[in-house]
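Below: the structure, in structure tokens.
Below, chain A is the first sequence line, B the second, and so on; all start at residue 1.
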Amino acid sequence: MSHRISIGPYHPALEEPYKLELTCEGEIVRQAELRIGFNFRAIERLAEQRNFTAAIALVERVCGICSNVHTLSFCQALERLAELEVPPRARHIRVVIAELERLHSHVLWAGIAGKLIGFKTMFMACFGIREKIMDVLEAVSGNRVNYAMNRVGGVNRDIADPAPILAAVAELEREVAREIVPVFTSSRTTRARCQGIGRLSQDDARTLAVVGPTARASGLPQDIRRAAPYAAYAELELGVPVESAGDVLARLRVRALEILESCRIVRQALATLPRGDWRGPTEEVEFPEGTALSRVEGPRGEVFYSVTADGESDTPRRVHVRTPTYANMPAVRVMLAGAQLADAPLIQASVDPCYSCTDR
Amino acid sequence: VSDLEDIVRELGAAAAWEEENGSPWLRPGALDVPHMAGVLLARGARFVTITALPEPEPGSVRLAYHWDLEGRLLTVEARTQDGRIASIRERCRAADWIEREIHDCFAVEFEGATLEPLLLRPGQAPGVGLRGEDE
């Protein structure tokens, strides 16, 4: 006989509000349904009521963790509309900020995953490490969450002296390699807890069109930084960790290895930081009629923006945002089918869901 | 390029790809949307999303179907007829949430798909999410 269990929208097992309705037989989940929309703020509609510059500040509020990827995607779309070239120094600075954001997002997720696996002290260790990344972002941008780094055609702040960032990244890399990576890649406890659960086959990953680390952990080597490079990624060496098992352990391993990869990318971008302008155009930019599309590889995967201008007003006619959790979360229904009920919190957390992004 | 031309041929579209701000767009006018989804999926394209672009005429919404084909972002555009268009959910299950969201926010009816509960703002009438009261 089956029974239904409702989790959320507000529940200790969930970090953010959404509703998970599980149909179980005994301890086994047979079917899972998801309900979203509890954080709906109509940001797309609000963006159509602000001028292009104010809309940059608005889209930065889509997410409290990956705020930078939203302004980057939005500004890239506006730059395509206006046919603007971004100065090389600004493109490198954009890479540095994007990778620092990926670092603090992945380390935050590692802490939450550690807590759910049973490594409770990992949570505090990870948040201690994350603080150092936030300090670097604050030193560069003046802010710890919404960095306001991107502007149309360039960036708002320079990195005048890369040396302190390089030193911080080197220390961070040592700590991550010592404290986080071994727990997720070689710990017997982690393997026992995570191997074989929440599996998403490569075929399901492909037909559900999942993105980011969720796709890469199911054997799909997709990464917008490599497939359709933006900013300065085409000039940098970039490794894309891929695992084939498609289980929670594979998703752990992919993110742990991506933390180290991000450290390497930040070092490269700073080591090759070109001289010259970083602000871009100082005069007013006009946006002709048309639609421009933009994609960025955020910490959770591909972020997509479509921006339409009417060529007359100073507000966008239409802004559409497709966030990575929006693409990934339906796959949780597949991951949960046949799983132990006790594994449900860890399985849903393994896609690193963000409902602020999803609901917009 | 030959891939793109083959897609046009398979769709039987009387249109050519147009480059708009760095991305290829196909605007074939009349379009069998589920067939288009089948053609692109058979070529290994990944569904990205659908952008709804409301038109001034009542019940007319342009729908831009975005696909990733080996890193290239392709867009095929279709238009609703009296606020209705065929669903691609049967061919492309990744389109489930975005079709439901467009139904919620722009009152587009996706034919051939079972109507699920509203995805956003449960309990509200469809078509209110992204439109003003005067629209």
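Put simply, the side chain of B/Glu101 reaches to within 4.5 Å of the side chain of A/Arg360, judged on heavy atoms. By the 4.5 Å heavy-atom criterion applied to side chains, A/Thr291 and B/Thr75 are not counted as neighbours. Residues B/Arg46 and A/Gln222 meet the side-chain proximity criterion, which asks for heavy atoms closer than 4.5 Å. With a 4.5 Å cut-off on side-chain heavy atoms, B/Asn21 and A/Leu293 do not count as touching. Between A/Arg45 and B/Cys105, the closest side-chain pair of non-hydrogen atoms is not below 4.5 Å. A heavy-atom distance below 4.5 Å is found between the side chains of A/Val334 and B/Arg93.
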Output, in order, the C-alpha distance, side-chain angles, deciding distance and verdict of side-chain contact (heavy atoms from CB on, under 4.5 Å) for B/Ile98 and A/Arg322. CA-CA 9 Å; B/Ile98 187 62; A/Arg322 202 297 318 276; 5.9 Å; no

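No part of A/Leu220 comes within reach of chain B, as not one of its non-hydrogen atoms sits under 4.5 angstrom from that chain. With a 4.5 angstrom heavy-atom cutoff, A/Asn328 does not touch chain B via any of its atoms. Looking at B/Ile50, only its backbone comes within 4.5 Å of chain A, counting heavy atoms on both sides. Heavy-atom distances place the side chain of A/Ser306, and not its backbone, under 4.5 Å from chain B. At a 4.5 Å heavy-atom cutoff, the contact between A/Ala292 and chain B is made by backbone and side-chain atoms alike. Both the backbone and the side chain of B/Thr51 come within less than 4.5 Å of a heavy atom of chain A.
Atom CG in B/Leu41 sits 11.0 Å away from atom CZ in A/Arg206 (nearest 0.5 Å). For the atom pair CZ (B/Arg100) and CD1 (A/Ile36), the distance works out to 7.5 Å, reported to the nearest 0.5 Å. Between the CH2 atom in B/Trp97 and the OG1 atom in A/Thr358 there is a gap of 6.5 Å [rounded to 0.5 Å].
A/Phe304 and B/His66 have tilted rings, their planes meeting at an angle from 30° to 60° on a 0 to 90° scale.
Counting only distance, with no hydrogens or angles, the side chain of A/Arg318 and the backbone of B/Pro54 share no donor-acceptor pair below 3.5 Å.
No more than 12 heavy atoms of other residues, nucleotides or ligands sit less than 6.0 Å from atom CD of B/Glu90. B/Gln81 CD: 12 or fewer foreign heavy atoms inside a 6.0 Å radius. Within 6.0 Å of the CD atom in B/Glu111, the count of heavy atoms belonging to other residues, nucleotides or ligands exceeds 12. Counting non-hydrogen atoms of neighbouring residues, nucleotides and ligands closer than 6.0 angstrom, the CD atom of B/Glu57 exceeds 12 such neighbours.
Chain B forms more heavy-atom pairs under 4.5 Å with one residue of A/Leu208, A/Val210, A/Val211 than with any other, namely A/Leu208. Chosen from A/Met329, A/Glu302, A/Glu83, A/Arg295, the residue pairing most often with chain B at heavy-atom distances under 4.5 Å is A/Arg295. Interface summary for chain A: among B/Ala95, B/Ala52, B/Cys92, the most heavy-atom pairs under 4.5 angstrom belong to B/Ala52.
Between A/Ala228 and B/Gly71, the closest heavy-atom pair is CB-O, 3.5 Å.
Salt-bridge check for B/Glu55 with A/Arg317: passed, with a basic side-chain N closer than 4.0 Å to an acidic carboxylate O.
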